[in-house]
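I have placed the structure first, in the form of structure tokens, so that the comments after it can refer back to it.
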Amino acid sequence: MLPIETLKHEHQIVLHALAGAEKIVQKIRKTNKVDFELIQKLIDFSKNFVDGCHHSKEEKQLFPKLVQKGFGLHSGPIAVMLSEHDEGRKYIADIAKDLELIKKGDISYAEQLADDIEGYIELLTNHIDKENNVLFEMALQTLTNEEQQELSQEFDRIESEEIGEGVHEYYHQIAHELADYQ
């Protein structure tokens, strides 16, 4: 699979999980009840699949390759994507903090938790749209077939050495669990 196809496929998995996260938000807003276990899975998925696996491929491999090809690192689409990755990390940290405060008995943070999850959903949905329809299209026009093959090999290396065998599939399962939330 070509590297852009791999990243787009991962985006589909993320969007699937975000559909479930939206249901979590609706339930919190409707009942003021928090599913601790499922939100912890959302945090885990976001930290380890979205950030650790997907963003790692972009930040360690794709973006540097595009910078070598003349893309700006501190301005333009790559700078925007990096900034949004950081913003997503902040949302996940806030969600984790909200969840801990609620676990300690302060249910008043339920609304803040719903707001933070909703902000994360909106950020990632828009981010994915920009990557799929702008940055990745630019990358396809810029990268040679050889460079794309090199990226594919590096993505495979990240999967096996940094992420670990079977971990990707585990997070696919969590994405489905989130999406199936009632």
Side-chain angles (χ1 to χ4, degrees), residues 1-21 38-96 120-121 123-180:
M1 187 180 297
L2 293 175
I4 299 304
E5 292 171 344
T6 297
L7 295 172
K8 284 185 173 185
H9 174 71
E10 290 174 356
H11 280 168
Q12 291 304 321
I13 296 164
V14 173
L15 290 170
H16 202 59
L18 293 178
L38 200 59
I39 295 171
Q40 193 58 54
K41 286 183 179 186
L42 173 65
I43 293 167
D44 179 33
F45 176 84
S46 298
K47 285 182 176 180
N48 294 300
F49 183 79
V50 176
D51 203 37
C53 177
H54 180 77
H55 289 166
S56 180
K57 291 173 185 170
E58 292 174 343
E59 292 176 2
K60 292 180 180 178
Q61 298 301 324
L62 177 63
F63 296 172
K65 182 74 75 181
L66 292 175
V67 169
Q68 289 174 354
K69 300 291 277 187
F71 284 64
L73 179 61
H74 302 291
S75 64
I78 293 175
V80 172
M81 297 303 106
L82 289 169
S83 174
E84 290 178 356
H85 287 183
D86 287 341
E87 189 176 348
R89 291 176 187 115
K90 183 180 179 330
Y91 269 118
I92 291 305
D94 289 346
I95 291 165
Y120 183 68
I121 293 167
L123 171 74
L124 276 190
T125 301
N126 291 331
H127 176 83
I128 287 169
D129 183 61
K130 285 183 263 189
E131 281 188 340
N132 283 350
N133 297 307
V134 179
L135 183 64
F136 291 171
E137 293 304 313
M138 294 168 76
L140 285 172
Q141 293 174 8
T142 304
L143 298 171
T144 66
N145 287 338
E146 183 179 314
E147 289 167 328
Q148 290 187 53
Q149 290 302 321
E150 290 170 9
L151 281 173
S152 288
Q153 290 171 353
E154 284 302 310
F155 285 8
D156 290 343
R157 185 194 61 73
I158 288 171
E159 283 286 333
S160 66
E161 293 176 15
E162 295 181 29
I163 307 304
E165 296 298 325
V167 174
H168 199 96
E169 292 75 18
Y170 169 76
Y171 286 108
H172 283 228
Q173 186 178 2
I174 287 184
H176 286 289
E177 189 176 334
L178 288 163
D180 293 341

Item to check | Check against side-chain contact (heavy atoms from CB on, under 4.5 Å), E177 and L38 | outcome: CA-CA 9 Å; E177 189 176 334; L38 200 59; 4.0 Å; yes
Pairwise side-chain contact, [X] with [Y], heavy-atom cut-off 4.5 Å (strictly under):
| X | Y | answer |
| --- | --- | --- |
| V14 | H54 | no |
| L2 | L151 | no |
| F155 | L7 | yes |
| K8 | E5 | no |
| L66 | L135 | yes |
| E58 | F136 | yes |
| K65 | E150 | yes |

For [X], is the [atom1] atom crowded, meaning more than 12 foreign heavy atoms sit under 6.0 Å from it?
| X | atom1 | result |
| --- | --- | --- |
| K69 | NZ | yes |
| N145 | CG | no |
| E169 | CD | yes |

Going from [atom1] on [X] to [atom2] on [Y], what distance comes out if it is rounded to the nearest 0.5 angstrom?
| X | Y | atom1 | atom2 | answer |
| --- | --- | --- | --- | --- |
| L18 | L42 | CG | CG | 7.5 Å |
| L124 | E84 | CG | CD | 9.0 Å |
| F45 | I13 | CZ | CD1 | 7.0 Å |
| L178 | I39 | CG | CD1 | 10.0 Å |
| E137 | T142 | CD | OG1 | 11.0 Å |
| T125 | L15 | OG1 | CG | 6.0 Å |

Checklist entry - Out of Q153, E154, E159, which residue meets the side-chain hydrogen bond (donor to acceptor under 3.5 Å, both in side chains) rule with R157? => result E154
Checklist entry - How are the rings of F49 and Y171 set relative to one another: parallel (under 30°), tilted (30 to 60°) or perpendicular (over 60°)? => result tilted
Checklist entry - How are the rings of H172 and H9 set to each other: parallel, tilted or perpendicular (split at 30° and 60°)? => result tilted
Looking only at non-hydrogen atoms, find the nearest pair between [X] and [Y] and report the distance.
| X | Y | result |
| --- | --- | --- |
| H16 | A175 | CD2-O, 3.8 Å |
| H74 | A79 | C-CB, 3.5 Å |
| E147 | L143 | OE1-CA, 3.4 Å |

Checklist entry - Just checking, any donor-acceptor pair under 3.5 angstrom between side chains of E131 and H127? => result yes
Item to check | Ionic contact status for K90 with D86, cut-off 4.0 Å | outcome: no
Checklist entry - Is it true that K41 and D44 have a side-chain N and a carboxylate O under 4.0 angstrom from each other? => result no
Checklist entry - Could you go step by step and tell me if L62 and I78 meet the side-chain contact (heavy atoms from CB on, under 4.5 Å) rule? => result CA-CA 10 Å; L62 177 63; I78 293 175; over 6 Å; no
